[in-house]
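Treat the numbers as computed from the prediction; the structure is a model and nothing was measured.
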Amino acid sequence: MSLARHEIELLAPARTVEIGIEAVNHGADAVYIGGPSFGARSNASNEVADIARLVQHAHRYNARIFTTLNTILRDDELEPARKLIWQLYDAGVDALIVQDMGILELDLPPIQLHASTQTDIRTVEKARFLQDVGFSQIVLARELTLKQIRDVAANTHCAIEFFIHGALCVAYSGQCFISHAHTGRSANRGDCSQACRLPYNVLDGAGQVVAFEQHVLSMKDNDQSANLRALIDAGVSSFKIEGRYKDMGYVKNITAHYRQLLDEILEERPELQPASSGKTTFTFEPEPDRNFNRGSTDYFVNGRKEDIGAFESPKFLGLPLGEVAKVGDKWFDIALNEAQQVFGMSNGDGINYLTLTKDVVGLKVNVAEAIGKTGRIWRVYPNEAMDTLKDLKVGVAVNRNGDRAWENLLAKKSADRRIGVWLNLSDTADGLSLTVIDENGHTGTATVACDKQAPQDAAKAEASLREHVGKLGATIFTAQDVSLNLAQPWFVPASAVNALRRDAIAALEANRAQAYQRPERALPVEPPAPYPEDTLSYLANVFNHKARDFYARHGVKVIEAAYESHEELGEVSLMITKHCVRFSLSLCPKQAKGVTGVQGTVKAEPLQLINGKEKLTLRFDCKPCEMHVVGKMKKSVLNQIPAAPIQFYKTRPSA
């Protein structure tokens, strides 16, 4: 393995620059953030000048900033994208996260390129191709098993990135077109309408209802907390947290959680090292379950499992709080469970419960009062009239999905990140010299001319010198050791020592900044690596001529246009997913040949998903164990003319 493989990177998301700064403060080795456009999150954009401010903060810790430029681009967007890339490079951004291969055909600065999750990397061949065309880091499909990850890592030398936490797209990333087909909003252009979170009736081939109003395409949230060591052993070096739409509290909490877990592993394994500088301490104990989540799953990392879906509700039910103990006309009492008695309740908490028909009823707590001295019973005055709270009765279980005390805790300063330094104070002919060496080997030196007097109390003078030299509270450093290389522990004015320390630290910061090197861009191999296939359908998301030229240059003979080009008029696969509804409903032929359903024996195929007037058909490809959700573009969308329509040759044009 190369040294780069020994570096372990915690990669955190940021919706805003302020969140990005806190991600760094809470231990992220790298942060990914959207720029002003083309970032695949329509409501998470940031100006270049703001990103430059984040870059400056991150680089103080040798942490890196990656900017997402991972939408597919129209021809008229290529030049604005090229200009933006140069602006981001000038702002100090370390890498671009890219989906559209047309970008590789542009005049680019020497900025590192990372393959976005939308490039859909499921095979060794696809991974090696992307490496050979110039990608330094690739994020593998979330559906891969440890063995598949290990195979990719063993056959490539680029950095392997993998999602370890957050919301899961049910589709292979980049392979979902339901949003565009039904609404005209393209997931590949950062505007997904999230059809996967809707409730569906599932009908079998005979029209029987197999599942009623179930969110059968809604996955639980990804949580690889228990698999980090195995993922490292498989070859993963960058551990990615999902969440560019998430709030500050989420990013603080989840980043801190994985920082602690990875630090434990780094302590155990000296052959590994963090990808940035410093150690982080926290004023809170990270608890991932207290943030929005739909339950947790490690998905397919350890093979297919039955319990990966959040079928009952895509909402956040929160943590079990207790149960209803008494009901009044304007209030009700909750008997808290043992785990929650420690925290109690607060005005403004969000709570919920399930009705007899499993509907979620959510409400806000206007006032919460402890009843008695034990902290077990709390009287809640809700923001809803009691007679509107259906099925709220004694014994009903209550969850808390909005914890005001927790939110207030994370709204404050909640982390301190410090870089270890060693300080050496020594004599000069007319004063003192201070040299500071940091954990990365950088130095800063300053001198001061001052009057040095023999002390009346040597021990007190030495203690005073050590105290003032090591006083680094207002900096990003922490003293690991202070050594005094002096003829004797002089009595020196505190103002002189403080000035000396400030100048030495300023010199160290300047030298760290000067020594920082952005990662180099990988050069593509020559002659151009052939693409693993010679035919590309709409699934390749080719939306501009530069992307077409890229694939043609790499040997592809047939190149169809992206689905957003409106050239696919009939029924097609609108989603391809490793999740299988048939398996989840115990209808898989490998599970049983016949299963009794709601209205008798189920005829398994074709299954259909019905939501209002929307109808989707499920087809199953058992050899790779995948499901296709089939449908066609609505007329209202089909009649929309793409903003920059393009006509593609079905075969490569002759020269």
Side-chain angles (χ1 to χ4, degrees), residues 1-13 23-24 27-33 58-59 61-70 93-99 103-104 108 110-142 144 146 148-165 173 224 227-242 258-259 262 265-266 269 271-277 301 516-525 529:
M1 277 190 171
S2 66
L3 179 61
R5 282 293 180 90
H6 287 277
E7 287 190 346
I8 300 300
E9 174 182 273
L10 177 57
L11 176 55
V24 172
D29 298 300
V31 172
Y32 64 105
I33 187 171
H59 286 180
Y61 298 95
N62 287 340
R64 294 174 174 174
I65 300 303
F66 309 150
T67 299
T68 56
L69 206 147
N70 54 338
V93 167
D94 295 287
L96 294 177
I97 300 175
V98 172
Q99 173 188 188
I103 289 175
L104 277 67
L108 299 180
I111 191 169
Q112 194 170 87
L113 300 178
H114 295 182
S116 168
T117 184
Q118 284 95 343
T119 58
D120 186 28
I121 306 169
R122 287 181 261 161
T123 65
V124 169
E125 293 75 19
K126 181 75 169 288
R128 190 185 297 122
F129 172 77
L130 291 170
Q131 168 191 279
D132 289 347
V133 301
F135 286 96
S136 300
Q137 186 158 309
I138 59 174
V139 58
L140 302 185
R142 284 167 271 212
L144 297 193
L146 284 170
Q148 290 172 314
I149 295 168
R150 193 178 301 115
D151 289 344
V152 171
N155 289 280
T156 57
H157 57 73
C158 56
I160 302 298
E161 180 182 315
F162 194 72
F163 278 98
I164 56 168
H165 202 91
S173 192
Q224 301 295 335
N227 297 324
L228 298 182
R229 288 170 178 80
L231 289 167
I232 290 173
D233 291 339
V236 175
S237 59
S238 179
F239 294 81
K240 188 172 193 175
I241 299 167
E242 180 276 338
Y258 283 100
R259 181 72 273 158
L262 289 173
I265 298 171
L266 294 174
R269 301 174 64 166
E271 74 276 13
L272 305 175
Q273 62 182 19
S276 61
S277 306
V301 165
Y516 183 85
Q517 293 184 338
R518 280 189 280 187
E520 295 182 357
R521 180 180 174 187
L523 296 176
V525 300

Practice task
Measure across Gln99 and Ser116 and return the closest heavy-atom pair with its distance rounded to 0.1 Å.
Solution key: N-CB, 4.0 Å
Handout entry: Any residue meeting side-chain hydrogen bond (donor to acceptor under 3.5 Å, both in side chains) with Arg142, in chain and number order, not counting sequence neighbours
Key = none
Exercise for the section: State the CG-CG distance between Asp132 and Leu523, to the nearest 0.5 angstrom. Expected result: 12.0 Å
Practice task
Give the C-alpha distance, both sets of side-chain angles, the deciding distance and a yes or no for side chain to side chain contact (heavy atoms under 4.5 Å, CB included) between Ile138 and Thr119.
Solution key: CA-CA 9 Å; Ile138 59 174; Thr119 58; over 6 Å; no
Handout entry: Side chain Gln131, main chain Cys158, donor-acceptor under 3.5 Å
Key = yes
Exercise for the section: Mind checking the CD1-OG1 spacing from Ile121 to Thr156? Nearest 0.5 Å is all I need. Expected result: 9.5 Å
Practice task
For residues Ser276 and Ala28, report the shortest heavy-atom separation together with the two atoms involved.
Solution key: OG-O, 4.0 Å
Fill in the blank from the handout: Note: Lys126 and Asp120 closest approach over all heavy atoms is NZ-O, 3.4 Å
Exercise for the section: Please determine which of Leu11, Thr117, Leu140 meets the side-chain contact (heavy atoms from CB on, under 4.5 Å) test together with Phe163. Expected result: Thr117
Problem - Contacts of Tyr258 that satisfy ring pair (Phe, Tyr, Trp, His ring centres under 6.0 Å) - sequence neighbours left out - result: His165
Problem - ring pair (Phe, Tyr, Trp, His ring centres under 6.0 Å) partners for Phe66, two or more places apart - result: His114
Fill in the blank from the handout: In this structure, CG of Leu113 is separated from CG of Leu130 (nearest 0.5 Å) by 10.5 Å
Practice task
For atom CD of Glu271, decide whether the heavy atoms of other residues, nucleotides or ligands shown that lie under 6.0 angstrom number more than 12.
Solution key: yes
